[in-house]
Visitor: 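Dumping the structure here so I can ask a few things about it.
Sequence lines set the chain letters: A, B, ... in the order given, protein chains first and strands last, and positions in each chain run from 1. Note that these values count all heavy atoms, side chains included, but never hydrogens, waters or copies made by symmetry.
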Protein chains: 2
Amino acid sequence: MASIAQQLGVSRTLVSLVLNGKGDQFGISKATQQAVIELAQKLDYQPNSLARTLRTGKSTILGLIVSDIANPFYSRMARTIEDIAWKEGYKLMVCSADEDPAKEVQLFQMLRQSLNAEGIIVSSGLMDAQPYQPSMDKDFPVVFIDRMLPGVEGRSVIIDNYRGAERATEHLIEAGKKRVALITIGPSHLSSINDRRKGYEAALIKKGFQVNPELIVEASFDNLEKDTAAAVTKLMKSDYVPDAIFAANNRVGLVVIETLAALGKKIPKDVALICFDDIEAFRVCSPPVTAVEQPVEDLSRHAIEKLLKMINKTDSATESDAGTLSPRLIVRQSV
Amino acid sequence: MASIAQQLGVSRTLVSLVLNGKGDQFGISKATQQAVIELAQKLDYQPNSLARTLRTGKSTILGLIVSDIANPFYSRMARTIEDIAWKEGYKLMVCSADEDPAKEVQLFQMLRQSLNAEGIIVSSGLMDAQPYQPSMDKDFPVVFIDRMLPGVEGRSVIIDNYRGAERATEHLIEAGKKRVALITIGPSHLSSINDRRKGYEAALIKKGFQVNPELIVEASFDNLEKDTAAAVTKLMKSDYVPDAIFAANNRVGLVVIETLAALGKKIPKDVALICFDDIEAFRVCSPPVTAVEQPVEDLSRHAIEKLLKMINKTDSATESDAGTLSPRLIVRQSV
DNA sequence: CTGAAAGCGCTAACAG
DNA sequence: CTGTTAGCGCTTTCAG
């Protein structure tokens, strides 16, 4: 910038003004402006946005913290949000917390304090919003996506997990199933996972069944694959074999399919199956698996739009309701 | 920082020194150091790394540009690289270029110029390395992953696509297949895609077959799903029906499976199938699909280690060979 | 119409 | 042992 000012014999101020489109506003002659712009292009001048951010406090960086970027649900989320952010002139920094609460908080700090992100979308694995409270109190834009925390309703955009799970379970029961097992993640404080369980239980009761603890299995997050496989095996060999399984997320569902195949059990003849969160694998299985599809694209769009509104102060977080999107049951041939 | 210096009646320099662990080096009394550290913690002081970067030129940010973060291959790559980077004290900024060369270059500029990334790993969709040349000439650390560009051999870490495709094709031929079709992406300048095609052709010739253009179909990137579906349909209804299909990537493979199912064709009875780049869907299909597994984790590890070496100057890019990793044929039941 | 000057928060010579 | 000083690259009053 200095060099371009020098070559043109003007001050750095002028160059800055012109390059930021404030030339007219400050009444700088068209000719001068033209010259500045041309030389800048010729020299391939790239403003150092670090310096700019330091000065202005604006970074045009947005942050997204997901729990596992390798999960298709979150990678699609990242893709969608990145697309929109880019179109709006923001860069998106995507980070993966790997289901580690401490890392999640560190990532948030880094994004906020170090990178000067102007807003952050987070799919939080925390138990409560306490670490986010100071930021929110200072009106720093934070939007919670997919997983709700107590007390952040107005800042959340989520899927109606309860309703989705209820629909799925009802579908199973309406197909004549009497012993619907639930394989879920636990013990879990995640709103998404809990709501799915509540939906499952509600459907059971609504249809006149009892909630049977023997038919509910919790696999731990850290050992999801093995726990799930063990659970399926145990269930299928128990005295009280289920005639249907409701898998609470895509990873669980995948393992259920594989384990069932390994055990020589046929879907849906031996046992029916519905999975929460549709992934492509469920389409190409045979039989293709009925699943609860989550509208990730919509979810993502709502989240970033909300964030942008907060950044532009056209939305005061706390006043609006939680945005809740409806999932859709995609009926295939596993029931 | 000013406030903590003031409260303790010392200079900002001293605070900076202590907080950066240079207290001993500058012979600052233990007591003073202790006081500084405690107060910093009490005030929850967070250094502004923007300012630090501006001053030192070090950002501890690394960049990763992938062509599509929603593709499992790349999201797993992102996860692995992020993990390692984090452990080494670096943050990773992941960006998705969406197969758009212009966006890729912009992303690179942004990462380098604006965020001051200390090194960048890129899975490039460009035809040549020209836009990267100025950076590389200045010894800016850049590592090319998965896709090779002419002239960047020493800075690349790739899969042996040629060999993987050759093995797959040979496997098909050894299983008695006479008319092996290739469904690939094109026209493409991507080294990965081209090498797969070359491997396919080499295997054919090695086994005494001719390369038959009617058995090679190129689907365009922008319209991959539809083109692939159309290609499969056309092939299966042609006069020269293939008895095996080699799908050049995971997305193509997925559509082949679905289309075949829609056409009522059975794998492997009507037509055998091998896909390049294994994804979980191929495991749970029925029959499970034989695939060429790419060692993404290894690939990612090599790439970031190379980058780190370049950053620490313990590796002069140009002298080392291209790191080439061998893919593995996972035999399932689709052949 | 244009430029001087101050300062964002931090670090690193260089003097004491 | 500690503080002064200068400045990273940019923006923005404010006074010509």
Visitor: Show every salt bridge (Lys or Arg N to Asp or Glu O under 4.0 Å) that has at least one partner inside residues 43-56 of chain A, sequence neighbours left out.
Guide: none

Visitor: What residue pairs, at least two apart or across chains, pass salt bridge (Lys or Arg N to Asp or Glu O under 4.0 Å) with a residue in residues 63-73 of chain A?
Guide: A/Asp68-B/Arg79

Visitor: Write out all pairs satisfying ring-ring contact (aromatic ring centres under 6.0 Å, His included) with one or both partners inside residues 55-92 of chain A, taking only residues at least two apart or from two chains.
Guide: none

Visitor: For B/Asn116 and D/dC10, what is the distance between atoms CG and P respectively, to the nearest whole Å?
Guide: 11 Å

Visitor: Between the opening five pairs and the closing five pairs of the helix from C/dC1-D/dG16 to C/dG16-D/dC1, how far apart are the helix axes, to 10°?
Guide: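 What I find for the helix from C/dC1-D/dG16 to C/dG16-D/dC1 is an axis angle of 50°.
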
Visitor: Measure CD/B/Gln113 against C1'/D/dG9 and give the value in whole Å, please.
Guide: 13 Å

Visitor: Show the nearest heavy-atom pair for residues B/Ser67 and B/Ser96, with the distance to one decimal.
Guide: O-OG, 3.9 Å

Visitor: What residues, two or more places apart in sequence or in another chain, satisfy salt bridge (charged side-chain N to carboxylate O under 4.0 Å, His left out) together with A/Glu297?
Guide: A/Arg76

Visitor: Without decimals, in angstroms, what is the distance between A/Lys30 NZ and C/dC1 P?
Guide: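 Answer to the nearest Å: 11 Å.
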
Visitor: Would you say B/Leu62 and B/Leu307 make side-chain contact, with heavy atoms under 4.5 Å?
Guide: yes

Visitor: Just the rounded figure in Å: distance from P of C/dA4 to CZ of A/Arg12.
Guide: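 In whole Å, C/dA4 P lies 10 Å from A/Arg12 CZ.
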
Visitor: Figure out the NZ/C1' separation between B/Lys58 and D/dC8, and round it to whole Å.
Guide: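 So the NZ-C1' distance, B/Lys58 to D/dC8, works out to 14 Å.
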
Visitor: Per the salt bridge (Lys or Arg N to Asp or Glu O under 4.0 Å) rule, what does the pair list look like for residues 24-35 of chain B, sequence neighbours excluded?
Guide: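 Salt bridge (Lys or Arg N to Asp or Glu O under 4.0 Å) check on residues 24-35 of chain B returns B/Asp24-B/Lys30.
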
Visitor: Counting only heavy atoms and a strict 4.0 angstrom limit, can you tell me which residues of residues 17-26 of chain B come near DNA chain C?
Guide: B/Asn20, B/Lys22

Visitor: Of the candidate nucleotides C/dA5, C/dT11, D/dT11, which contains the atom at the shortest distance from the side chain of A/Met1?
Guide: D/dT11

Visitor: Who pairs with B/Asp298 by side-chain hydrogen bond (donor to acceptor under 3.5 Å, both in side chains), at least two apart in sequence or on another chain?
Guide: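 B/Asp298 satisfies side-chain hydrogen bond (donor to acceptor under 3.5 Å, both in side chains) with B/Arg301 once adjacent residues are dropped.
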
Visitor: Give every residue pair that meets the ring-ring contact (aromatic ring centres under 6.0 Å, His included) criterion with at least one member in residues 4-32 of chain B, sequence neighbours excluded.
Guide: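 For residues 4-32 of chain B: none.
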
Visitor: Expressed in angstrom and rounded to an integer, what is the separation of A/Ile4 atom CD1 from D/dT11 atom P?
Guide: 12 Å

Visitor: Can you name the residues that form a ring pair (Phe, Tyr, Trp, His ring centres under 6.0 Å) with A/Phe108, not counting sequence neighbours?
Guide: A/Tyr132

Visitor: Between D/dT11 and A/Ser16, is there an OP1 or OP2 to side-chain N/O distance shorter than 4.0 Å?
Guide: yes

Visitor: Taking only heavy atoms on the protein side, list every residue of residues 38-56 of chain B lying under 4.0 Å from any atom of DNA chain D, sorted numerically.
Guide: B/Leu54, B/Arg55

Visitor: Tell me the salt bridge (Lys or Arg N to Asp or Glu O under 4.0 Å) pairs involving residues 121-140 of chain B, sequence neighbours left out?
Guide: none

Visitor: Within the structure shown, what part of the strands sits under 4.0 Å from A/Thr13 by heavy-atom distance: base, sugar-phosphate, or nothing?
Guide: base

Visitor: In this structure, how many angstroms lie between the C1' atom of C/dT2 and the CG atom of A/Leu8, rounded?
Guide: 14 Å

Visitor: Does a distance-only test, which skips hydrogens and angles, find a donor-acceptor pair under 3.5 Å between the side chain of B/Ser11 and the base of D/dT4?
Guide: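 Side chain to base: no pair present.
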
